[in-house]
Amino acid sequence: QVPLVESGGGLVQPGGSLTLSCAASGGIFSIYAMGWFRQAPGKQRELVARITNSDSANYADSVKGRFTIFRKNAKNTVYLQMNSLKPEDTAVYYCNADARSTTSFARSDYWGQGTQVTVSS
């Protein structure tokens, strides 16, 4: 079961924009924080952006000023607006949520399946 479902990935040219979305789809509720991670081939997974339930956001230095994370609590959905994309942004992007399980009600980290973002001319 995939608790989070990402969408919006794809191929975009350098300098272009892309918006990722992540929606809770089975298994989680009462989200305290959500974030986006990414992992490029041969590299470790890294935090891209994170937003808390109080809408406090933080970003990796590499994306500051280019990416914006925002959340729609009513739909348990988080978005990542990516502007001025660079080839080095190419990675699989994973949605993460600090939330409670609908079955156990335990608070834990949950992950989406990942969506590919490719920045190339």
Side-chain angles (χ1 to χ4, degrees):
Q1 184 178 1
V2 180
L4 302 169
V5 179
E6 303 102 332
S7 63
L11 175 64
V12 64
Q13 294 186 12
S17 298
L18 207 59
T19 300
L20 306 182
S21 64
C22 171
S25 181
I28 64 171
F29 75 106
S30 187
I31 298 171
Y32 296 90
M34 299 186 77
W36 289 93
F37 290 72
R38 68 185 181 187
Q39 187 167 19
K43 300 185 68 176
Q44 295 182 333
R45 186 175 299 187
E46 64 176 348
L47 174 67
V48 177
R50 182 177 181 270
I51 186 167
T52 70
N53 58 355
S54 61
D55 292 326
S56 176
N58 63 280
Y59 301 87
D61 288 340
S62 60
V63 307
K64 286 182 179 178
R66 298 190 297 120
F67 291 10
T68 302
I69 186 170
F70 59 99
R71 179 181 172 188
K72 293 184 177 181
N73 291 328
K75 296 183 178 181
N76 291 323
T77 304
V78 66
Y79 299 85
L80 184 68
Q81 175 66 48
M82 304 183 293
N83 298 321
S84 301
L85 283 162
K86 305 174 181 179
E88 49 263 45
D89 294 318
T90 296
V92 177
Y93 285 69
Y94 297 91
C95 181
N96 167 265
D98 174 7
R100 293 187 181 275
S101 167
T102 56
T103 55
S104 70
F105 301 99
R107 182 175 174 177
S108 186
D109 270 349
Y110 299 87
W111 295 90
Q113 80 285 1
T115 185
Q116 177 70 47
V117 172
T118 302
V119 185
S120 179
S121 60

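Quick caveat: nothing in here was measured; it's all calculated off a predicted structure.
Residue pairs meeting the salt bridge (Lys or Arg N to Asp or Glu O under 4.0 Å) criterion with at least one partner in residues 104-121, sequence neighbours excluded, are D98-R107.
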Start with the C-alpha distance between Q116 and T90, add both sets of side-chain angles, then the distance that settles side-chain contact (heavy atoms from CB on, under 4.5 Å), and finish with yes or no.
CA-CA 8 Å; Q116 177 70 47; T90 296; 3.9 Å; yes
From CA spacing to verdict: side-chain hydrogen bond (donor to acceptor under 3.5 Å, both in side chains), T52, S54:
CA-CA 5 Å; T52 70; S54 61; 2.9 Å; yes
How far apart are the C-alpha atoms of S120 and T118, what are their side-chain angles, what is the distance that settles it, and do they pass the side-chain hydrogen bond (donor to acceptor under 3.5 Å, both in side chains) test?
CA-CA 6 Å; S120 179; T118 302; over 6 Å; no
Chi angles and distances behind the side-chain contact (heavy atoms from CB on, under 4.5 Å) call for W36, C22
CA-CA 9 Å; W36 289 93; C22 171; 3.5 Å; yes
Taking it one step at a time, do F67 and L85 satisfy side-chain contact (heavy atoms from CB on, under 4.5 Å)?
CA-CA 9 Å; F67 291 10; L85 283 162; 3.8 Å; yes
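Within the 3.5 Å criterion, the main-chain N or O of S84 finds a donor-acceptor partner in the side chain of R66. The main-chain N or O of G114 is found under 3.5 Å from a side-chain atom of E6 such that the two form a donor-acceptor pair. Although no hydrogens or angles enter the test, the distance criterion places no donor-acceptor pair under 3.5 Å between the side chain of Q81 and the main chain of T68. The backbone N or O of Y93 sits nowhere less than 3.5 Å from a side-chain atom of T115 that would complete a donor-acceptor pair.
Clustering ILVMFWY residues whenever any of their side-chain heavy atoms sit less than 4.5 angstrom apart, transitively, puts I51 in a cluster other than the one holding Y32. The hydrophobic clustering, which links ILVMFWY residues whose side-chain heavy atoms are closer than 4.5 Å, places Y94 and L47 together.
Side-chain contact check for V63 versus R38: some heavy-atom pair is nearer than 4.5 Å. The shortest distance between side-chain heavy atoms of C95 and W111 does not fall below 4.5 Å. No side-chain heavy atom of L80 sits less than 4.5 Å from a side-chain heavy atom of V78. Contact of the N53 side chain with the R71 side chain is registered, since non-hydrogen atoms from C-beta on lie closer than 4.5 Å.
Electrostatic pairing of D89 and K86 does not count as a salt bridge here, judged by no charged N lying under 4.0 Å from a carboxylate O.
Taking CG of L4 as the start and OG1 of T77 as the end, the distance is 10.0 Å to the nearest 0.5 Å.
Ring geometry for Y79 against F70 counts as parallel: the plane angle stays under 30°, on a 0 to 90° scale with 60° as the upper cut.
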